[in-house]
Visitor: 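The structure under discussion is supplied below as structure tokens; questions concerning it will follow.
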There are 2 protein chains.
Amino acid sequence: MSKPARITTVTTLKDVALAAGVSTKTVSRVVNNDRHVSDNLRQKVLRAIEDLDYRPNLVARHMRTKKTRLIGLVTDEIGTTSFSGNILRGAQEAAWQHGLLLLACHTGGNPETEAHTVDLLLERHVEGIIFATMYHREVCPPESLKNCPAVLLDCFVSDNRYPAVLPDECQGGYQATRHLLQRGRRRIAMINGKRGFPGAEGRAAGYRQALAEAGLPLDESLLVYGDWWQEQGFSQAQSLLQGPERPDAIFCGNDRIAMGVFDALRERNLQVPRDVAVIGFDNMEMIAAHSRPGLTTMALPHHEMGRLAMELLNHHIEGGSSGKGEPLRVPCPLVRREST
Amino acid sequence: MSKPARITTVTTLKDVALAAGVSTKTVSRVVNNDRHVSDNLRQKVLRAIEDLDYRPNLVARHMRTKKTRLIGLVTDEIGTTSFSGNILRGAQEAAWQHGLLLLACHTGGNPETEAHTVDLLLERHVEGIIFATMYHREVCPPESLKNCPAVLLDCFVSDNRYPAVLPDECQGGYQATRHLLQRGRRRIAMINGKRGFPGAEGRAAGYRQALAEAGLPLDESLLVYGDWWQEQGFSQAQSLLQGPERPDAIFCGNDRIAMGVFDALRERNLQVPRDVAVIGFDNMEMIAAHSRPGLTTMALPHHEMGRLAMELLNHHIEGGSSGKGEPLRVPCPLVRREST
DNA sequence: ATCCCGTTTGACATCGATGTCAAAACCAGC
DNA sequence: GCTGGTTTTGACATCGATGTCAAACGGGAT
């Protein structure tokens, strides 16, 4: 009997003001922790808020203040790998620290859907947008993206008109190769992903650089490209292994390729890492952590990238520089397991 | 010169009305496709909207109409597996069809964070909340969840006070076992996940039922429990295989267990599926599609579950029944590969 | 030309909060 | 008790849209 019949009734500032016998403005002050309120009134208001279980209506507040505290996150794909999840986690954690909430949308990579999604987000007056992809590549984001602060995540545009956060593929390739060198390997092959992909090219550049620095001549027959799949890794490894001089280590363009390499080695009764050390890339938990032996690999710092993208965006929103210019490259850490 | 200097200026209804020489209400009517507008004015207004690149401010609209068209999605974990991604995709697709937008938050499973998250969403006046978990289990959602329409997804409460959408584990276990029977197997073992988990118990129930229906006695030594990991699958399979009567098929509580079983079979030079057929559960793409041979498995219908949860919620919001009562169980489809 | 009736149209209030600004209250100090 | 300055307080306008309702309009019928 004490409660109003209509469940949809929500208590507002006005109700609280009435109950506490003060003006709405005073209630507003208390809610916003304004110091210009006497202790006496503050107590009364706080009690009324408690009694009525009042929650401020953020929609109304945002209309007045022009701050929605919403950030849009547009991704091409969500959920096929753990990548997008880690990005989301990193971004959300950073967002929370700044009192921001994330509005995540996936588009399937369709340009029309992307444009539509950005429009939707703009209509809701998000304060900024993170435009993310599932793997490192060049993109052509919708025109309307320029209508609000934006950061590219795991992708870039050639003229750097948006700030971007990318994995440092070259450092990753370099460090992977260095690691093999440090383990005493000298004849290091690389079975890479597909030509032309920033990931593949960057990783190969790092590989070349590490070999050059170590004073090892680059044997071009040891650097082969394929696609990103296990089957290709398997057959490429077969070819490499039947040459006269067997490599003593194989750096794989990703973890799936490494699984194919494992298969090929097993077929020839070669032991990992005794006969051939194997290192992957991407650190796909499902694969790398549960293969036998466990696969040493370079992790993609998706969580950190998500966090950084959000920090960059927040900085811009708070009035700092937009962060435009050379993309921010985030180092890929080595995850050591048993295969090296 | 034609554009205002301040980039932050956004065109509003008023600007359009001024430009078209009509009242704001008329513009509002055009934007909302109200038929009570003469063609003449409608054209003028549309042109002005085009010229000024006007976009309605949804924040303001929602304040007036009380409809935010926002749905909150609270999950314990996002991104460790493809599960949450598929749920998200399914939910978002359904949401879009109803003009709803998804506000996804992950909580790490911490009850305080969960309560806080729900409060945040309520402050933003979401029209409903989907409370989801990464794997099928009982939950204790925050009290405040009752303040808006809510649906549980991949989880449940014992008294069914919220509607819930769950995978039909029992049907899955049943169908997996039926499939092995149809392939001519008679001595079917099950290496299950952990006791007490709804997934493990449901799948075992389906397994029992299928065997009983086929008139096969249940050999209790063939139904073993472990945890959900590859290592346990490996050792459990070893034990099963060294018994006097080797099973001719193994139904695994999940795909990781199946990978351990593969290892154990390989060790004994047993061929899959010739000597022993293997079927998994969960259809973890990363594992099942790329193992050798490819793993036949029961898929968890996460995409469909996400979609259904959203439909249920929308139905409630649109004034239909809440959907409370027995949880909705979504069938798990068989994904046939080479291991059976 | 006038009247009637249905359709368009716009003036004004409203949603729930905060910004502005002036009035009210308070407090010293003389 | 008055004055001047600081602090509290509240009346009112405002954000950008839509709801209400009455006025203006238009087109037949008389």
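All values below were derived from every heavy atom in this structure, side-chain atoms included, with hydrogens, water molecules and symmetry-related copies excluded. Sequence lines set the chain letters: A, B, ... in the order given, protein chains first and strands last, and positions in each chain run from 1.
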Visitor: With rounding to the nearest 0.5 Å, note down the distance linking CG in A:Leu152 to CD1 in A:Ile129.
Guide: 11.0 Å
Visitor: Quick check: are there more than 12 heavy atoms from other residues, nucleotides or ligands sitting under 6.0 Å from NZ of A:Lys146?
Guide: yes
Visitor: Just do the salt bridge (Lys or Arg N to Asp or Glu O under 4.0 Å) check on B:Arg137 and B:Asp76 with the steps written out, would you?
Guide: CA-CA 12 Å; B:Arg137 61 190 177 92; B:Asp76 53 351; 2.9 Å; yes
Visitor: Which residues within residues 22-37 of chain B lie with some heavy atom under 4.0 Å of an atom in DNA chain C?
Guide: B:Val22, B:Ser23, B:Lys25, B:Thr26, B:Arg29, B:His36, B:Val37
Visitor: Check the distance between C:dA25's P and A:Asn40's CG and give it to me in whole angstrom.
Guide: 14 Å
Visitor: For B:Thr12, does its backbone N or O pair with a side-chain atom of B:Asp15 as donor and acceptor, under 3.5 Å?
Guide: yes
Visitor: Using heavy-atom distances to pick each residue's nearest nucleotide on DNA chain C, tell me which of B:Ala60 and B:Gly21 is more 5'.
Guide: B:Gly21
Visitor: With a strict under 4.0 Å distance from non-hydrogen atoms of chain A, what nucleotide opens and what nucleotide closes the contacted stretch of DNA chain D, reading 5' to 3'?
Guide: D:dT8 to D:dG16
Visitor: I'd like to know whether the aromatic ring centres of B:Trp96 and A:His116 sit less than 6.0 Å apart in this structure.
Guide: yes
Visitor: Quick check on side-chain contact (heavy atoms from CB on, under 4.5 Å): which of B:Leu313, B:Leu70, B:Ile317, B:Asn314 does B:Glu127 satisfy it with?
Guide: B:Ile317
Visitor: Mind running salt bridge (Lys or Arg N to Asp or Glu O under 4.0 Å) on B:Arg307 and B:Glu304 for me, showing each step along the way?
Guide: CA-CA 5 Å; B:Arg307 198 185 66 72; B:Glu304 176 68 3; 3.1 Å; yes
Visitor: How would you label the contact of B:Leu58 with the nucleic acid (heavy atoms, under 4.0 Å): base, sugar-phosphate, or nothing?
Guide: nothing
Visitor: Has B:Asn147 got a side-chain atom pairing as donor or acceptor with B:Ser144's backbone, closer than 3.5 angstrom?
Guide: yes
